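Report on the following structure.
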Amino acid sequence: MPLTRRRSLALAAVLAALWSVTLTWPAPAHAAAADRAALAQWWAPVDFQDVDSTGETALGGKSDYLTSYDYDGDLNGRNNWENTSQFPLAARVYYSVVQTKSFSYLLYMYSHPRDWSDGVLDNSQEDLTEHENDAEGVLVVVADDGSAHGTLKAAITVAHSNFYSWLPSGSDFTSGQESVDGVLKLQGDPHDDGHGRPFTTQQPNTHAAWAEGYLSKERDQYANGDGIVYYPGSTAEVPDGSNDRDVQYTLTDIFASNGMWENRNLTTLFATPNNFAGDDGSNPYGAECGEGGVLGPANGSCDTDAANPPWAWDDADDLPGRGYLATNPAELVWDYFNWTGRPSSPDLAYTWNQYNGITS
């Protein structure tokens with residue numbers, strides 16, 4: 001039977017409604033994951049690693065190179081000190097993404113196989129002992145304002161058991177319960193379109209992280225001394241030496257299959273879920289952990305299981321709890337900063353937080 005005009009209009013309305021539902025159907029999970037990875041790649045920092053080539057355990061500067069905790073091909077944290085001299089240290093940085101409707105919290109972990117001492121008592125060197133494995137990093141805070149990559153608002157770096165907060169020029173963030181420590185410089189990456197990225201620096205030996213330019217010693221080293229400039233890229237490169245100013249690193253998701261989070265109960269890699277495994281065992285290839293200490297091999301010391309993954313990082317004298325930089329960054333950032341439109345209490349309605357099982 002031919003359709004009447006009324007029936008034709010009704011059918012058209014139904015089809016239009018179905019088409020609208022199709023257009024607004026949620027993006028598949030893999031697309032959202034790709035978006036988060038792309039956002040982490042866009043804001044991944046440029047990192048200047050100051051390098052010390054002296055001392056019993058320096059390996060000519062190699063002990064300061066960025067790499068992965070499994071650079072040697074195994075998931076054994078207790079042989080990373082020994083194997084540093086035996087394997088190339090390809091540059092990798094770990095990351096995670098936590099989101100609310102208003103902000104993306106992008107965490108980056110810098111991994112080194114050694115936290116070491118050059119045997120010189122130096123006021124800038126906070127930790128005069130050594131230990132196997134090391135993990136410092138930075139939290140990058142991005143406002144999700146509808147633009148393609150959001151707007152950079154702040155960063156917080158990890159220097160052992162202290163956090164430092166930084167603001168880029170033009171940010172509307174100001175000091176909160178913690179005082180802002182300085183300006184976050186931006187640096188372009190020669191391997192992409194050159195947009196500004198957070199620019200961090202790490203001291204040699206203990207690898208504490210700050211905004212580049214904060215410490216006069218590291219500022220002078222960047223301008224006149226030796227050190228490695230790491231850029232996010234598509235290839236995990238190995239530095240040509242201790243003064244290589246263009247080394248690409250690749251990002252590795254903390255939540256990747258068989259990755260850091262999944263293996264937090266693997267006892268060869270973690271002594272406890274909050275401590276990377278590291279010992280003071282013998283080294284058949286050279287100086288042992290503790291032999292580069294402030295008074296030399298006879299008086300050095302080596303801490304065991306001393307490095308923490310991001311979910312156990314802690315600034316002991318601030319208000320947020322241990323691990324909040326990774327697991328509950330909305331509360332930590334709300335405590336650290338004030339900003340235009342800041343709510344009276346932190347927005348803990350996470351839309352994505354794998355640390356706490358929120359994935360939808």
Side-chain angles (χ1 to χ4, degrees), residues 34-48 93-110 136-159 163-176 178-202 209-214 222 229-233 249 251 253-254 310 313 320 324-326 328-343 346-347 350-353:
D35 290 344
R36 285 187 291 272
L39 188 66
Q41 183 73 31
W42 180 268
W43 290 114
V46 175
D47 186 55
F48 172 63
V93 171
Y94 295 93
Y95 80 96
S96 65
V97 179
V98 172
Q99 293 175 308
T100 65
K101 289 182 179 180
S102 300
F103 291 99
S104 289
Y105 302 96
L106 312 174
L107 183 136
Y108 303 90
M109 187 192 100
Y110 303 136
E136 314 289 341
V138 59
L139 177 72
V140 174
V141 183
V142 174
D144 295 326
D145 55 8
S147 60
H149 305 103
T151 299
L152 177 65
K153 293 294 186 179
I156 300 171
T157 58
V158 179
F163 298 165
Y164 292 82
S165 56
W166 316 96
L167 299 179
S169 178
S171 175
D172 62 341
F173 277 34
T174 59
S175 297
E178 301 290 326
S179 297
V180 171
D181 292 288
V183 175
L184 177 66
K185 293 182 180 180
L186 303 184
Q187 179 73 18
D189 183 343
H191 305 286
D192 59 23
D193 64 1
H195 67 273
R197 297 173 174 276
F199 192 10
T200 59
T201 188
Q202 293 181 265
W210 293 278
E212 207 292 313
Y214 174 65
Y222 177 68
V229 181
Y230 287 100
Y231 294 99
Y249 70 79
L251 289 176
D253 191 344
I254 287 173
W313 286 344
Y324 275 26
L325 196 72
N328 192 8
E331 183 165 337
L332 184 140
V333 168
W334 182 89
D335 185 78
Y336 269 55
F337 301 105
N338 283 308
W339 64 87
T340 305
R342 175 179 176 269
D347 175 12
Y350 290 107
T351 58
W352 189 264
N353 186 340

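In this text, all values refer to a predicted model and were calculated from it rather than measured experimentally.
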Given Tyr164 and Tyr336, is the ring pair (Phe, Tyr, Trp, His ring centres under 6.0 Å) satisfied, shown in steps?
CA-CA 10 Å; Tyr164 292 82; Tyr336 269 55; over 10 Å; no

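- The CG atom of Leu332 sits 9.5 Å away from the OH atom of Tyr105 when rounded to the nearest 0.5 Å.
- Using a 4.5 Å cut-off on side-chain heavy atoms (C-beta onward), Trp313 and Phe163 make contact.
- When all heavy atoms of Ala155 and Leu184 are compared, the pair lying nearest together is CB-CD2, 3.7 Å.
- The shortest distance between side-chain heavy atoms of Val180 and Phe173 does not fall below 4.5 Å.
- Side-chain contact between Pro45 and Tyr249: present, with at least one pair of heavy atoms (C-beta onward) separated by less than 4.5 Å.
- Of the possible donor and acceptor atoms, none in the side chain of Trp43 sits under 3.5 Å from a partner among the backbone N and O of Thr151.
- The shortest side-chain heavy-atom distance between Val333 and Trp339 falls under the 4.5 Å cut-off.
- The shortest distance between side-chain heavy atoms of Val46 and Pro198 does not fall below 4.5 Å.
- The heavy-atom pair separating Ser179 from Ser165 by the smallest distance is O-OG, 3.3 Å.
- You'll find the side chain of Leu251 stays beyond 4.5 Å of the side chain of Tyr94, heavy atoms only.
- A donor-acceptor pair is defined here as one N or O able to donate and one able to accept, closer than 3.5 Å; such a pair exists between the side chain of Asn338 and the backbone of Ser175.
- In this structure, the separation between CD on Glu212 and CZ on Phe199 is 4.5 Å, given to the nearest 0.5 Å.
- No donor-acceptor distance shorter than 3.5 angstrom exists from the side chain of Asp335 to the backbone of Pro320, with no hydrogens or angles considered.
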Walk me through it: do Trp166 and Tyr214 pass the test ring pair (Phe, Tyr, Trp, His ring centres under 6.0 Å)?
CA-CA 10 Å; Trp166 316 96; Tyr214 174 65; 4.8 Å; yes

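- Using a distance-only test at 3.5 Å, with no hydrogens or angles considered, a donor-acceptor pair links the side chain of Thr157 to the main chain of Ala209.
- A donor-acceptor pair is defined here as one N or O able to donate and one able to accept, closer than 3.5 Å; such a pair exists between the side chain of Thr201 and the backbone of Phe48.
- Within the model, atoms NE2 of His195 and CG of Leu152 stand 10.0 Å from one another, a figure rounded to the nearest 0.5 Å.
- With Thr351 contributing its side chain and Gln99 its backbone, the two residues share a donor-acceptor pair below 3.5 Å.
- For the residue pair Val183 and Ala211, the shortest heavy atom distance occurs at O-CB, 3.7 Å.
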Evaluate Val229 against Tyr231 for side-chain contact (heavy atoms from CB on, under 4.5 Å), listing each step before the verdict.
CA-CA 7 Å; Val229 181; Tyr231 294 99; 3.5 Å; yes

Is there a salt bridge (charged side-chain N to carboxylate O under 4.0 Å, His left out) between Arg36 and Asp253? Walk through the geometry before answering.
CA-CA 10 Å; Arg36 285 187 291 272; Asp253 191 344; over 6 Å; no

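- Using cut-offs of 30° and 60° for the angle between ring planes, the His149 and Trp42 rings count as parallel.
- Here the straight-line distance linking atom CG of Asp144 with atom CG of Leu39 works out to 7.0 Å at 0.5 Å rounding.
- Taking OG1 of Thr100 as the reference point, atom OH of Tyr350 lies at 7.5 Å (rounded to 0.5 Å).
- To the nearest 0.5 Å, atom CD of residue Gln202 and atom CH2 of residue Trp210 are 9.5 Å apart.
- Phe103 places a side-chain heavy atom less than 4.5 Å from the side chain of Val141.
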What's the verdict on side-chain contact (heavy atoms from CB on, under 4.5 Å) for Ile156 and Phe337, showing C-alpha distance, side-chain angles and the deciding distance?
CA-CA 11 Å; Ile156 300 171; Phe337 301 105; 4.0 Å; yes

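- With Tyr108 as the partner, the side-chain contact (heavy atoms from CB on, under 4.5 Å) test is satisfied by one option alone out of Val138, Leu139, Ile254, Thr200: Val138.
- Counting all heavy atoms, side chain and backbone alike, Pro310 lies closest to Met109 at CD-SD, 3.5 Å.
- Taking both residues in full, the closest heavy atoms of Lys153 and Ser171 are given as O-OG, 2.7 Å, listed atom of the first, atom of the second, then distance.
- Ion pair Lys101/Asp347 not flagged as a salt bridge, since none of the NZ, NE, NH1 or NH2 atoms sits closer than 4.0 Å to an Asp/Glu carboxylate oxygen.
- Applying the salt bridge (charged side-chain N to carboxylate O under 4.0 Å, His left out) test to Asp192 and every residue at least two apart in sequence or in another chain returns Arg197.
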